[in-house]
Amino acid sequence: MSISTEDLGSYLCHSCSSDALKAGQIEGWKNELHENYHVFPGTFDQYLDIFVPSSAPETIPSLPLDKAFPTFILKKGKETRSYPGLLKGLRQVVAEFPPSKKVTFFLNHRAQILFPFKAFGHNHHATYPDIAISLPGEDLQSAELILSSMLLEVKSQSTDDPFERSSLEHSRTLVQLTVGARSLMVTHGLLSAFMIGIYGNMLRIVHYDHSGLVASPAFSVKRRPDLLQKFLWRFAHPVMGNTVVGCDPTTRKLTDAELAWVKARLASAGEDPLRQPEFCRRTEVYSTSNEDEVPRSFFLLHLVDINARLLSRSTTVWLAMEDPRQVLDGGLSALPDDLDEIRLVIIKDSWRQLVRRDEKVFYDRLEGTIPEAEWTGLPRVVCGGDLGEREVALWKARGGSSEGLNTNDDKQAGSSSVPPQSVFPRPPADPVTPSRRAPSSTTSSPNAALSSPPSSPLTPLPSSDPPIAPTTPLQDTTRPCFSSPLTPLDKLQPQYPLRVPQQQTYTWRVLFGDAKRHRERSHMRLVIDTVGRRLTRFRSTRELILAMRDAIRAHKLAWEKGKLLHRDVSVGNILIVEEPESRPFSGFLHDFDYSNMESLASLAKAEVADVLSDPEAQLQDEISNVDEELKERTGTYFFMACQLLHHIPIIHHARHDLESFFWVLIWVVLRHTEHGHHKGVEACALYFKLGTMEDSRSAKITLLYDHDLDPITVPGNAPLTHLLQTFTDLVHARFTWRKGPSEPLTHDAVLALLDEALNMPGWPVDDAAKPVTIPDARQVTNKVGADGQSQSSKKRKGKQEDTAAGAGGGRSSKRSKGSEASRNTGASGST
C-alpha cells in the first residue's frame, strides 16, 4: 500500500564499495553532486556556530594536543594497520564525556552495511564505512545504522581529499560519503547528517541536508584533536531534539510500551504485523504556525515508499495510525486497553523547493471548489502543512533574523532594494560553483585560521586565498548583513538559541545569501486519508484501467472546478485504492507539488504584478517573466507530451496531461503485462528512449505512426487490446504539433474510450502485474537541462531532476532565467 513512486526506480542499485562503483556510475554521481558541494569559506569555529548548534557549553578539559593520536600513522595501501591507533585516539577524544553523551566507535572495515529498509534494499547501494560512530550513550557492537549517528571514512593520503580534486577516484570517495549520509538520514528521519573524512592526517566534517553538502575547513587530527572533540561535544548536545544535531524534534522512536501496544492493536484488528518494528516512530503533525497549537500525533507503522535521493524532495510515505492519547498537564494520558476501530492513514514527508507552493494549498483549493457530491478520484488531507514555514515564523517571532527566510506571508518573487549578500563579504569568483581547493602547506599551516576568538577583527578573504583563511566573523554585528538568514550571536534568545532554522535547509543562503535562496527546501508533512497501491501492482488489468479512469475523472474535476492543472501525470502519481469498498472510486490522482492554479495568463499576471509590487520580496528567480513561467516544462520525462519535448517552449495545457495518461498506460503495459509486441521485454526501451529530448520525442512519434504496422496487443485480452488501439488512434489524430487544424485531446473523449473498454466482455481475472527488475540508469540520464536539451547530450552540469531515468522517467522542469526550480539534484530514487 502506498502513495508511491517506487516503480520509477533508483539510481542506487548496487554495492557502494570502492570496487563495485563503476566508472560510469561514479561519473553520474559526480554530475549530480557537481554544483551542490562546497567547502566552508570561514573558520572552523564559524562552521560549528552555524551547522552544529549546541545546547550546552563545553565543560570538559581541553584535550592535550599531543596525547590523542600518537600512534596513528597512515601509509598508502596499509590503512588497516593505522586503525588501532585511530580508534585509540577517537576514544581518548570522548573519554571525559558524560556516559549519556559519549559516542563509541566500531571498526567496520570491509563489512557491508545494507540500505536500512529491507523492502527497498534491492534498489539502493550498500556502503562500507571504515568506522561507525554510535548514537550518544549507545555501546556500538556492530555497524548497525539504527544505532549509528555518523560514519567515518579513512584514506591514506592528504591528496585523497575529494574536496581538493575531482578525479574519478576523488568522486568515488565523495560518493562513499554521500551514500553513508543518505542512509543515516533515512534510517533516523534526520533533518541533516554529518560524515567524517580523514585524508592522511587531515580531517573534515561534512554537513549534509536536502539541498547540498558543506565541508568544514580541513585540520590536522594529530595536531588539533581538540577541534574534533569540540565538534563531537556539540554534536551530542543538540538544541533541537534529544539525540544529536540534525535530529527531527517532532519525531522519535517508539518506547517499548508504545511498540507493544501498537502490535496488540494491529493483531486485534486483523492488520498486517509490523515489518521492521525497530523503525517504527511517533511523529507530530502541525497544521498552523500558531505557537499554542497542540499537534496531532501518529504512530508510523510501515514504510510503504521512499525516494532516497538525498538532494531532492526525498519523499517518504508511511502507513500510520493516530496516537489516541490526550495531552494532560504537560504529559500524555495512558494508552487505552482497546480501541473500537483502527483508522489507517498515509503520512507523506517531503522537502519542497521554496519556489514552489505548499502542496496543501492545492488540496485546499480542491476542497473549496469541488462539490461534495462530485468528489471522486482525489484524496483528502486530514491535517498537516509546512514544518519549515512554521518554524521560520516562530523563529522570527523569537528573535531570529527575518531576512532571507521564506514563509507563506512572504512573496516568492521580485527584487529587493538591498543587493543580496552572503554571510561572507567575498562571493566566489564563479557565482555558481565556489572554490573547493583545500589550503596547501605553502600558504597555510594545518592549524591556522581554524578557530578564532569571537571578538577578533578579521579581514575579508582575497579571492586568491585558500577557503579556510580568516573572513569577517559572523559575530561582527557592526557589519550589516541584509540578506543573511543568520541571527547574530549576541541577539540570540534563550528560548530559541539557533542561528538558522532547522526544518528548512540553509546551505545556499549561508554561502551565497538570497541570490541562491531558491535552491533551499522546506520540510512538509501531510496526513492523507486514502491508502493506495502502486499502479504497477494491479491485481488485474481491468483494475488498472478502472484506476486510470478514476484518476482522469479527478484530473477533469481539478481542472474544470478547481482551475488547477496537475502538470506531473506519471506512473507514480496514479494509485489504486487499497480498499475500494470504502471509497466511491477505484483509483486516485495525487502529488500536486508541481501543479499550477487557475488558468493561464490572467491569474499568473496578477500574481506576478502583486509580487513585484512587494518591497519585501526577496526571491530573484521565481517569476521574472510571465510568459516564461507559463512555458515552464514540468513533468516526469518519460510521460511528458511530445509537444512539451520540443525545443520551443510552449504553454502547458490540460491536453498535455491527458497525453501523459496515454504514455503511462503504454509504459505499464509494456513493462507489466504479457504483451505481444515483437520486441518483447525490449519494447519499453524502444519507445521510452534515454538520450536527448529529441530522441525521446522521436521514439514516441514512431510508436504513433507505426502502430498500424506494429501494434501493441495483449493476447487473450481483447478489451485492453482494443483500448490500446483506439487510444493510440486518438492521440495520433489530435496531435497539436501537426500541420493544419487539430482538435486537442479532451477529458470527455479520453474517458469515453476507457468506459467503452471497461464495458466490454472478456477481461481476464488472473492477469496481475508482472514484476520487472529495475535497471540502473545512472550512467545515462535523460534530464531536460536549462537550455531544453537532455543532460546526456552535452557536458553534464549536475542539474539532475527529482526522478530517476531509465526506470520510469526523469523529472523535467525548465524555468525562466535558469531558475533552480528546474534543477532538483539528487543521489537516489524517485518521487
Side-chain angles (χ1 to χ4, degrees), residues 1-12 115-117 119-120 123-124 182-183 185-191 209-211 248 250-251 279 281 283 285 298 300 302-320 345-354 356-360 362-363 379 381 384-388 503-505 521-528 530-535 566 568-575 588-595 634-636 800-804 807-811 813 821 824-831:
M1 296 183 289
S2 78
I3 289 186
S4 167
T5 51
E6 178 191 340
D7 299 278
L8 295 185
S10 165
Y11 285 143
L12 297 176
F115 187 74
F117 296 101
F120 304 92
N123 289 334
H124 300 285
R182 182 283 314 269
S183 296
M185 292 181 74
V186 300
T187 297
H188 300 292
L190 299 175
L191 306 177
D209 63 22
H210 288 292
S211 67
D248 185 348
T250 67
T251 300
F279 290 107
R281 303 168 186 167
T283 192
V285 179
F298 294 82
L300 305 185
H302 304 301
L303 182 69
V304 293
D305 198 23
I306 184 170
N307 162 19
R309 290 179 66 190
L310 185 63
L311 308 179
S312 72
R313 284 188 292 174
S314 303
T315 303
T316 56
V317 181
W318 290 84
L319 186 68
V345 296
I346 286 292
I347 291 186
K348 176 183 175 182
D349 254 42
S350 61
W351 290 79
R352 72 169 179 91
Q353 291 174 298
L354 294 189
R356 299 200 177 274
R357 289 187 178 94
D358 178 342
E359 187 179 4
K360 190 172 183 296
F362 298 113
Y363 282 107
V381 172
D386 193 318
L387 292 169
Q503 300 278 4
Q504 280 189 2
T505 64
R521 294 180 178 271
S522 193
H523 190 191
M524 294 283 303
R525 182 172 294 147
L526 297 177
V527 180
I528 308 296
T530 308
V531 178
R533 179 171 17 102
R534 292 192 297 275
L535 196 64
H566 191 281
D568 188 18
V569 172
S570 68
V571 70
N573 292 338
I574 306 167
L575 297 183
F588 61 98
L589 182 67
H590 78 104
D591 204 353
F592 287 86
D593 301 49
Y594 287 86
S595 299
T634 301
T636 304
Q800 305 298 320
E801 307 302 336
D802 269 345
T803 306
R811 179 159 321 276
S813 180
N824 305 334
T825 60
S828 145
S830 58
T831 305

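Computed from a prediction, not measured in an experiment: that's the story for all the values here.
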### Task
Give, for atom CG of L526 and atom CG of D358, the distance between the pair rounded to the nearest 0.5 Å.
7.0 Å
### Query
Which atom pair, heavy atoms only, marks the closest approach of T530 to F588?
CG2-CE2, 3.4 Å
### Message
Is it the case that the side chain of N573 and the backbone of D568 share a donor-acceptor pair, with hydrogens and angles ignored and the cut-off at 3.5 Å?
### Response
yes
#### Entry: Qualifying residues under salt bridge (charged side-chain N to carboxylate O under 4.0 Å, His left out), relative to D593, sequence neighbours excluded
R313, K348
### Message
Minimum heavy-atom separation for H590 and P379, please, with both atom names.
### Response
CB-CG, 4.1 Å
### Task
Identify the two heavy atoms, one from N307 and one from S314, that lie closest to each other, and give their separation to 0.1 Å.
ND2-N, 3.2 Å
### Task
Using the test ring pair (Phe, Tyr, Trp, His ring centres under 6.0 Å), find all partners of F592 that sit at least two apart in sequence or belong to another chain.
Y363, H566
## Note on the structure
For S522 and L354 the tightest heavy-atom approach is CB-CD2, 3.7 Å
### Query
Do the side chains of D386 and E359 get nearer than 4.5 Å, heavy atoms only?
no
### Task
Indicate the atoms forming the closest heavy-atom contact of V317 with I346, along with that distance.
CG1-CG2, 3.6 Å
### Message
Just to verify, what does H188 make a side-chain hydrogen bond (donor to acceptor under 3.5 Å, both in side chains) with, not counting sequence neighbours?
### Response
none
### Summary
Value for OG1 (T251) from CG (L190), rounded to nearest 0.5 Å, stands at 10.0 Å
### Query
What pairs with S350 under side-chain hydrogen bond (donor to acceptor under 3.5 Å, both in side chains), at least two apart in sequence or on another chain?
none
### Query
Are side-chain heavy atoms of M185 and H210 found at a separation under 4.5 Å?
yes
### Query
CD1/I347 to CG/L319 distance, rounded to the nearest 0.5 angstrom?
9.5 Å
### Query
Side-chain contact, heavy-atom cut-off 4.5 Å: H302 with V304?
yes
#### Entry: Separation between OG1 of T315 and CZ of R352, rounded to the nearest 0.5 Å
13.0 Å
### Query
Just by distance, do the side chain of T505 and the backbone of R521 share a donor-acceptor pair under 3.5 Å?
yes
### Task
Could you pull out the closest heavy-atom pair between D248 and G189, with the gap in Å?
CB-O, 3.6 Å
### Task
Rounded to the nearest 0.5 Å, what's the gap from CG on L387 to CH2 on W351? Could you check?
8.5 Å
### Summary
Sequence neighbours excluded, the answer for side-chain hydrogen bond (donor to acceptor under 3.5 Å, both in side chains) partners of T316 is none
#### Entry: F120 and V186, any side-chain heavy atoms less than 4.5 Å apart
no
### Message
If only side-chain N and O atoms count, and only distance matters, is there a donor-acceptor pair under 3.5 Å linking R525 with T250?
### Response
yes
### Task
Assess whether side-chain contact (heavy atoms from CB on, under 4.5 Å) is satisfied between I306 and F115, documenting all intermediate values.
CA-CA 12 Å; I306 184 170; F115 187 74; 4.1 Å; yes
### Task
Take the angle between the ring planes of F117 and W318 and call it parallel below 30°, perpendicular above 60°, tilted in between.
perpendicular
### Task
Report the residues that fulfil ring pair (Phe, Tyr, Trp, His ring centres under 6.0 Å) with F298, sequence neighbours left out, ordered by chain and then residue number.
none
### Message
Could you measure the distance from the CG atom of D209 to the CG atom of L191? Nearest 0.5 Å is fine.
### Response
9.5 Å
